[in-house]
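Working notes, structure below.
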Amino acid sequence: QVQLVESGGGLVQAGGSLRLSCAASGLAFGNYAMAWFRQAPGKERNFVAGVAWPMITSYTDSVKGRFTISREAAKNTVYLQMNSLEPDDTAIYYCASRRLTVTRGAGDYDYWGQGTQVTVSS
């Protein structure tokens with residue numbers, strides 16, 4: 001059974017930083033692309049960043065230069081380092097996985113975590 005468990009969300013002031021973690025179990029980590037999506041109240045779930053083996057990364061334009069996605073194979077964990085946070089980054093952040101390649105459509109992903117809330121105050 002595949003499980004994705006996120007952690008690291010919280011409340012931070014604008015300009016601050018947070019690091020999200022997603023621990024994966026029940027899948028061959030090296031064969032799966034991992035991604036972060038976010039969903040603000042009343043809005044769609046949107047792609048934030050993704051990483052495919054070995055370290056091929058992609059980002060949505062609004063977070064380039066501020067967010068960094070990485071993966072640690074030994075721990076089956078993917079991270080999202082978020083710097084220079086802005087109020088518009090406020091959302092529930094979800095970890096997701098699918099085989100091999102990163103795509104930007106939420107419907108393409110097979111497995112999802114429960115989400116972690118990130119709130120950025122102005």
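Only heavy atoms go into these numbers, but all of them, side chains included; no hydrogens, no water, no symmetry mates. Position 1 is the first residue of the sequence; numbering continues from there. In this text the structure is predicted, and so the values were computed from the model without any measurement.
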Could you tell me whether the side chain of [Y] reaches within less than 4.5 Å of the side chain of [X], counting heavy atoms only?
| X | Y | result |
| --- | --- | --- |
| R104 | N46 | no |
| V48 | L80 | yes |
| R71 | W53 | yes |
| F67 | S84 | no |
| S70 | Q81 | no |
| T116 | I92 | no |
| W112 | E6 | no |
| V120 | E86 | no |

Could you report the tightest heavy-atom contact between [X] and [Y], atom names first, then the distance?
| X | Y | value |
| --- | --- | --- |
| L4 | Q114 | O-OE1, 3.6 Å |
| V102 | A52 | CG2-N, 3.9 Å |
| I69 | Y59 | N-OH, 2.9 Å |

Determine whether V2 and V51 fall in the same hydrophobic cluster, where Ile, Leu, Val, Met, Phe, Trp and Tyr are linked whenever their side-chain heavy atoms lie under 4.5 Å apart. yes
Determine yes or no for a side-chain-to-main-chain donor-acceptor pair under 3.5 angstrom, with T77 supplying the side chain and K75 the backbone.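 Side chain of T77 to backbone of K75, a donor-acceptor pair under 3.5 Å: yes, one is there.
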Without hydrogens or angle criteria, can the side chains of E72 and Y79 be said to hold a donor-acceptor pair below 3.5 Å?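 Side-chain D/A pair, E72 to Y79: present.
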Under 3.5 Å, side-chain donor or acceptor atoms of residues 7-21 against the rest of the protein: list the pairs with distances, not counting sequence neighbours.
unit_1, atom_1, unit_2, atom_2, d
S17, OG, N83, OD1, 2.9

Name the atoms and distances for all side-chain donor-acceptor pairs under 3.5 Å in residues 22-38, with sequence neighbours left out.
unit_1, atom_1, unit_2, atom_2, d
R38, NH1, D89, OD1, 2.9
R38, NH1, Y93, OH, 2.9
R38, NH2, S62, OG, 3.4

Apply side chain to side chain contact (heavy atoms under 4.5 Å, CB included) to residues S58 and F47 and explain how you reach the verdict. CA-CA 10 Å; S58 60; F47 175 83; 3.5 Å; yes
